[in-house]
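Following: one structure in structure tokens, then a few remarks.
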Amino acid sequence: MPPVGDVDRRHCPVCGASLPDGRTLRRCPRCGARSLWAEAEPAPAPGMVLFNARLCGIMAGIQVGMIALLLAGCRLPIPWGVALIVVALPVAGYLIAGQMARHVPEHGRAGFLVSVVALNAGLLAAVIAAIVGLMDPVALALVAAGVGGLLAPAIARAMRTRP
């Protein structure tokens with residue numbers, strides 16, 4: 001196989017079939033091998049990353065607050081101190097996620113977006129589990145981590161801009 005810098009763009013490196021001209025060719029039409037010379041996916045814009053990270057931070061704060069209220073066994077009326085803490089969680093999530101997004105390098109933006117969206121998916125599953133009756137904090141954390149980890153590859157595939 002030739003080095004990456006000397007790749008023959010007219011032939012597939014796996015089966016040797018002639019390839020049609022095109023910079024966006026992602027797979028060989030004959031054998032389906034990936035085109036190693038295809039252009040890399042562009043990094044998401046910083047503004048898009050910041051907006052989505054802040055939105056995910058708000059949602060994560062809301063979901064953590066809901067789980068905390070369910071675990072604490074709070075019913076209406078909620079004590080004002082507890083309500084104040086729960087109201088502060090989305091604001092804290094907004095600030096933390098926004099600061100984290102500002103410091104993510106260009107090559108890590110897509111991975112960061114996948115991780116915050118997967119975190120929200122996992123927290124949503126944990127909220128549902130808590131509503132159904134699972135009241136063990138460790139089990140809820142495992143549900144959140146497991147669902148987020150299982151959905152991360154699907155979220156990454158859905159975020160790709162090219163077919």
Side-chain angles (χ1 to χ4, degrees), residues 4 22-28 32-163:
V4 175
R23 299 279 299 166
T24 60
L25 184 68
R26 304 285 289 170
R27 294 194 176 271
C28 172
R34 282 189 180 188
S35 301
L36 300 177
W37 56 85
E39 295 176 9
E41 188 94 16
M48 186 182 84
V49 173
L50 184 62
F51 173 77
N52 286 308
R54 286 178 172 169
L55 185 62
C56 286
I58 291 170
M59 291 307 300
I62 291 169
Q63 291 169 347
V64 168
M66 290 174 62
I67 291 171
L69 286 174
L70 289 169
L71 289 178
C74 290
R75 302 289 180 253
L76 292 176
I78 298 173
W80 69 270
V82 174
L84 187 62
I85 291 171
V86 170
V87 168
L89 285 173
V91 175
Y94 173 87
L95 294 173
I96 292 169
Q99 286 302 315
M100 288 174 62
R102 289 180 193 269
H103 299 293
V104 174
E106 182 177 351
H107 61 83
R109 289 182 195 154
F112 179 73
L113 278 178
V114 168
S115 64
V116 295
V117 173
L119 170 71
N120 276 295
L123 285 173
L124 180 61
V127 168
I128 292 169
I131 289 172
V132 170
L134 182 63
M135 291 296 168
D136 182 27
V138 175
L140 289 173
L142 288 173
V143 166
V147 170
L150 287 173
L151 290 179
I155 292 169
R157 277 192 306 276
M159 284 181 54
R160 289 195 188 115
T161 56
R162 294 186 187 160

query = For L71, which residues count as a side chain to side chain contact (heavy atoms under 4.5 Å, CB included) partner, sequence neighbours excluded?
reply = I67, M135, P137, L140
task = Taking the side chain as every heavy atom from C-beta outward, state whether L89 and I62 have any pair of such atoms under 4.5 Å apart.
result = no
message = Nearest 0.5 Å, please: how far is CG in L50 from CD in Q99?
response = 9.0 Å
key: Test item: N52 and V116 side chains (from C-beta on) under 4.5 Å apart, heavy atoms   = no
key: Heavy-atom neighbours of Y94 OH exceed 12 at 6.0 Å   = no
request  = Return the minimal non-hydrogen interatomic distance between F112 and A97, and the atom names on each side.
outcome  = CZ-O, 4.2 Å
note = Hits for side-chain hydrogen bond (donor to acceptor under 3.5 Å, both in side chains) against R109, two or more places apart or cross-chain, chain-then-number order -> none
key: Steps toward side-chain contact (heavy atoms from CB on, under 4.5 Å) verdict (C56, V117)   = CA-CA 7 Å; C56 286; V117 173; 4.0 Å; yes
request  = Search all heavy atoms of A152 against all heavy atoms of V114 and return the closest pair with its distance.
outcome  = O-CG1, 3.6 Å
ask   = Would L113 and M48 count as a side-chain contact (heavy atoms from CB on, under 4.5 Å) if you check the C-alpha gap in whole Å, the side-chain angles of each, and the deciding distance to 0.1 Å?
value = CA-CA 9 Å; L113 278 178; M48 186 182 84; 3.9 Å; yes
ask   = What closest approach, in Å, do L119 and A60 show between heavy atoms, and which atom pair accounts for it?
value = CD2-CB, 4.4 Å
Shortest non-hydrogen contact between V87 and V91, atoms and distance = O-CG2, 4.1 Å
query = Taking all atoms of both residues into account, what is the closest heavy-atom pair of C74 and V82, and its distance?
reply = SG-CG1, 4.1 Å
